[in-house]
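Just below is one structure, and these are the notes that go with it.
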Amino acid sequence: LCVQAGWQPKNGEPRILPIYQSTTFKYESTEQMGRLFDLEEEGYFYTRLQNPTNDCVAQKICELEGGAAALATATGSAAITYAVQNIATAGDHIVSSAHVYGGTYNLFANTLKEQGISVTFVDPSDPENFRKAIQPNTKLLYGETLGNPNSDVLDLEAVSAVAHENGIPLIVDSTTSTPYLLNPIQYGADVVVHSTSKYINGSGDAISGIIIDSGNFSWSPERYPGMKEYKKYGKFAYLVKLRNGIWRNMGGCLAPMNAYLNIIGMETLGLRMERVCNNAFRLAQALEKLEGVSVNYPLLESSPYHELAEKQLSGKGGAILTIRAGSKERAYKLINHLKYVKIATNIGDVRTLVIHPASTIYIHSTPEAMAEAGVYDDTIRISVGIEDIKDLIQDFTEAVESLGEE
Ligand SMILES: *Cc1c(COP(=O)(O)O)cnc(C)c1O
């Protein structure tokens, strides 16, 4: 599907998906334009609402995830914001894993809170923690399939069961596992979001996001009054509401050029994921043998998530690992010693990237919030790329050994 799904050219049409770099679309009659605006007739008329290049990328990712329908967004952050706001408004409550991407933590703890949506963060390692936090006004459970930065594996079957027993959906961010390692819908997730800026795009050259709906959740009109008029769309209800409301009115559509870059990236998603997962595992094993650092990677025997990774991630562990260097000074020294590995705030690039989360992504977080997310002063996040593993092991080994002299 990564290689073959999506754009299917007809005879004589371009082999590669064209970039429809046009704001608007032209029509012959004013009557037809009226019908399009009224949604009586299907057709493209303004790229914020629909664009053929964007639709193609949404359909392809939807197919890869086994969803009912999908909407492409300008960024991963927009995807998360809209996925939540589509079913939660002022006065509502959500329960989120505390082990989420720093930007998501800030979105929930600050921005959505200002808008009247309250959040309880829970330790995701025990699914019962989600149950304990549910209130009568809770509208959804939220988590990351493979948490950023510590690659904690969320037990999707258990957490989705808690959600469904309480009549609410589970929304997951699957950016770091990608459809190559996992289809969260198969394990009970109801809505899946991705920052496609990362692995799906692959080269670190386009910001983008996506929301995929499973179509499986049955929306109770009592708990979700806003869904009442959309129930008639059946398994498309959630996405039709989103398309007609928040998504088109707030305006976070994808840029067609970025949709095109996502499509090109997806052609090699399988190859890249195979390589980066193998590289990450071998780098984790090599680092574990060194004195002076501790390593956190779900496939290691030492990880509490070892078994779950075997079961839920088809025996792979993703491509993000964290190491702890013992102190902030040692972490800085280690990072600054790296020769090939670049310092940058991104993941899912073909290049191996490192960052010191405490002084960057979590700079505005309290020490308590950081500890809750499993981020410490000496934590280094590594997003492993496709380079030759021998070069990566050598680079990190020399950097770790440079600490030894003190
Ligand atoms: C990067 C990232 C996001 C935010 O995506 P943007 O495309 O940068 O807006 C959300 N979730 C995870 C897990 C991420 O890594």
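One-based numbering, in listed order, for ligands and for the atoms of each. Below, each value reflects all heavy atoms present in this structure, side chains not excepted, and no hydrogens, waters or symmetry copies. This chain uses plain numbering: 1 for the first residue, then up along the sequence. Bear in mind that the values here come from a model prediction, so they are computed numbers and not experimental data.
In terms of polar-atom proximity, defined here as any N/O pair under 3.5 Å, Thr104 makes no such contact with ligand 1. The distance criterion of under 3.5 Å between nitrogen or oxygen atoms is met by Ser197 with respect to ligand 1.
For the residues Thr175, Thr75, Asp173, Ile361, the heavy atom positioned nearest atom 11 (N) of ligand 1 is part of Asp173. For atom 8 (O) of ligand 1, the nearest non-hydrogen atom from the set Gly348, Gly209, Gly147, Ser195 belongs to Ser195.
Side-chain N or O atoms of Thr73 include none that pairs as donor or acceptor with a backbone N or O of Ala78 at under 3.5 Å. One N or O on the side chain of Arg272 and one on the backbone of Tyr199 form a donor-acceptor pair closer than 3.5 Å.
Here Ser77 has heavy atoms under 4.0 Å from ligand 1 in both its backbone and its side chain. The residue Ala78 has no part lying near ligand 1, judged by heavy-atom distances below 4.0 Å. Contacts of Ile80 with ligand 1, taken as heavy-atom pairs under 4.0 Å, involve the side chain alone.
Here is the list of ligand 1 atoms found below 4.0 Å of a heavy atom in Ile347: 15 (O). Listed by number with element, the atoms of ligand 1 under 4.0 Å from a non-hydrogen atom of Ser208 are 7 (O). Here is the list of ligand 1 atoms found below 4.0 Å of a heavy atom in Gly76: 5 (O), 6 (P), 7 (O), 9 (O).
The shortest separation from a heavy atom of Thr176 to ligand 1 is not under 4.0 Å, leaving the residue out of contact.
Considering only heavy atoms from C-beta on, Val122 stays 4.5 Å or farther from Ser96 through its side chain.
Under a cutoff of 6.0 Å and an axis angle of 45°, Lys198 and Tyr101 form a cation-pi pair. Both tests pass for Arg324 against the ring of Tyr376: distance under 6.0 Å to the centre and angle within 45° of the axis.
Only one option out of Phe121, Phe108, Phe130 pairs with Tyr142 in a ring pair (Phe, Tyr, Trp, His ring centres under 6.0 Å); it is Phe108. Tested against Phe25, the residues Tyr46, Tyr44, Phe45 include a single ring pair (Phe, Tyr, Trp, His ring centres under 6.0 Å) partner, Tyr44.
Using bins of under 30°, 30° to 60° and over 60° for the plane-to-plane angle, the ring pair Phe217/Tyr224 lands in the perpendicular bin.
Ranking protein heavy atoms by distance to atom 1 (C) of ligand 1, first place goes to Lys198 NZ, 1.4 Å.
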